[in-house]
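Heads up: the structure comes next, in structure tokens.
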Amino acid sequence: MSEKKIPYKIYLEENEMPTQWYNVRADMKNKPAPLLNPATLKPMTAEELGHVFCDELVKQELDDTNPYIDIPQEIRDFYRMYRPSPLVRAYCLEKKLGTPAKIYYKFEGNNTSGSHKLNSAIAQAYYAKKQGLKGVTTETGAGQWGTALSMACAYFDLDCKVYMVKVSYEQKPFRREVMRTYGASVTPSPSETTEVGRKILAEHPGTTGSLGCAISEAVEAATTREGYRYVLGSVLNQVLLHQSVIGLETKAALEKYDITPDIIIGCAGGGSNLGGLISPFMGEKLRGEKDYQFIAVEPASCPSLTRGRYAYDFCDTGRVCPLAKMYTLGSGFIPSANHAGGLRYHGMSSTLSQLYDDGLMEARSVEQTSVFEAAEQFARIEGILPAPESSHAIRVAIDEALKCKETGEEKTIVFGLTGTGYFDMVAYEKFNNGEMTDYIPTDEELAVGFAGLPKME
Ligand SMILES: *Cc1c(COP(=O)(O)O)cnc(C)c1O
């Protein structure tokens, strides 16, 4: 049988693009645990969630039965401006590594925000607009989510208030300016503009902030303003749902050439790109139709899946959000200051946590110098300057391809290349100067975070 020649880039035609998102929860036997009201410890109702999130997004958040949800035409029109994203056959990398493995990557960095986050930002902005809201609030760490949301809000003419972790605000002034160019207002967090921000500042003067703090501020800013709701760029079920467009496109592109992956790899911060990439494949596995090896890759300095506890935890530092059951390091956990590579959230998507706990997915942790080595190698061979977050997946894809070289196995490896690293040059500079170090928290340090987990009686 003659094999079809696989092009360097596999694109989809417009009529091959997904018209529905895929909701993996519908096929899960063990559903992800519900969000709980921290006061009553009862599952959050749609009404309670509706004070914080848009109504349609609440519906999606709570829906664990419908496998397919229509992508509204307006969102599909926006997707068309930058999607499909290419699925690239890494011929050059394979050759350089001398591996019999076949490597593919789905590249999500081809839009101005530079990452996959735009896939959910545009959906969330659309539902906010449809509900007649004035605007939305959010937090951003490294800045990709804030940028994506700013673009989406500009498109739908919504106000956008971004609380940006102070250390990033200072280190990444250009990210900030991109957001402002799209019309967002950007406040360094913690700030004096919210009650919770003032409280955190009083308790920790001079703190450079964390995602958990910025979430608390953004939620307060939304719930104390008429016509505003809060939106979040990862972790939530609805975000994984929107990001399933990555996996659906990948699957459609592979099927065009009769390719079946053996291993699917993604980096994991809050779990949205990984969840989106693997969802349709995981669906097949859950339904007993096919089997795949899934690998989540996280930083050794923020190892929620590989060393965390599977427990209910606070989603934010100020403890204003519902409780989520997830693999977590505790909401008080803050990664070491030398951590440069993103993926610093203390917890992990409830959906992915359940799949991992059920043994349907593996997780690995990698150290940041080896991540940047992989990033540099990839940039020099494949040409794309990868985001540090994405480079966690590159590291493990290369490791798996090198294993194939030893065993002679011709495995097909697919990984998610979530974004570009143009705004991460401070981290690259450290690496280039040989000043980057690795830090792995001790069990004693992790115990401090676990001690702060909520008592559930
Ligand atoms: C935000 C981000 C991630 C991590 O977030 P997930 O929700 O785990 O996907 C990874 N890569 C890039 C480029 C990002 O911007």
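Values in this document were obtained by computation on a predicted structure and should not be read as measured data.
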Side chains of [X] and [Y]: donor-acceptor distance under 3.5 Å anywhere?
X	Y	answer
S85	K106	yes
E298	T306	yes
E217	S189	yes
S115	E108	no
T328	R309	no
E409	T407	yes
H392	Q368	no
T193	S191	yes
N273	T418	no
N37	E48	yes

Charged tip of [X] within 45° of [Y] ring normal and under 6.0 Å:
X	Y	value
K325	Y310	yes
R176	Y169	yes
R229	F53	no

Next on the checklist: Please enumerate all residues that pass side chain to side chain contact (heavy atoms under 4.5 Å, CB included) together with V167, with sequence neighbours excluded.
Outcome noted: V165, Q171, T208
Item to check | Residues that A184 engages under side chain to side chain contact (heavy atoms under 4.5 Å, CB included), provided they are two or more places apart | outcome: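 If we apply the side chain to side chain contact (heavy atoms under 4.5 Å, CB included) test to A184, skipping adjacent residues, the hits are S150, C160, V162, M179.
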Checklist entry - Has the side chain of S390 got a donor or acceptor atom that lies under 3.5 Å from a matching backbone atom of G419? => result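 Indeed, once roles are kept as given, a pair shorter than 3.5 Å links the two residues.
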Checklist entry - Does the pair K161 and T187 meet the rule for a side-chain contact (heavy atoms from CB on, under 4.5 Å), with working shown? => result CA-CA 8 Å; K161 298 190 191 306; T187 308; over 6 Å; no
Checklist entry - So which heavy atom on L329 is nearest to which on G308, and how close? => result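 For L329 versus G308, the nearest heavy atoms are CD2-CA, 4.0 Å.
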Next on the checklist: Which heavy atom of P18 sits nearest to which heavy atom of L248, and what is that distance?
Outcome noted: CG-CB, 3.8 Å
Salt bridge or not for [X] and [Y], using N-O below 4.0 Å?
X	Y	value
K59	D63	no
E94	K102	no
D424	K172	yes

With ring centroids as reference points, do [X] and [Y] lie under 6.0 angstrom apart?
X	Y	value
F378	Y105	yes
Y356	Y327	yes
Y68	Y22	yes

Checklist entry - Parallel, tilted or perpendicular: which fits the ring planes of Y79 and Y82, with parallel below 30° and perpendicular above 60°? => result perpendicular
Next on the checklist: I'd like to know whether H346 forms a side-chain contact (heavy atoms from CB on, under 4.5 Å) with L211, so could you lay out the CA-CA distance, the side-chain angles of the two residues, the decisive distance to 0.1 Å, and finally the verdict.
Outcome noted: CA-CA 9 Å; H346 65 273; L211 266 184; over 6 Å; no
Checklist entry - Of Q124, H116, K117, which is the lone residue that meets side-chain hydrogen bond (donor to acceptor under 3.5 Å, both in side chains) with S120? => result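 For S120, the side-chain hydrogen bond (donor to acceptor under 3.5 Å, both in side chains) check succeeds only for Q124.
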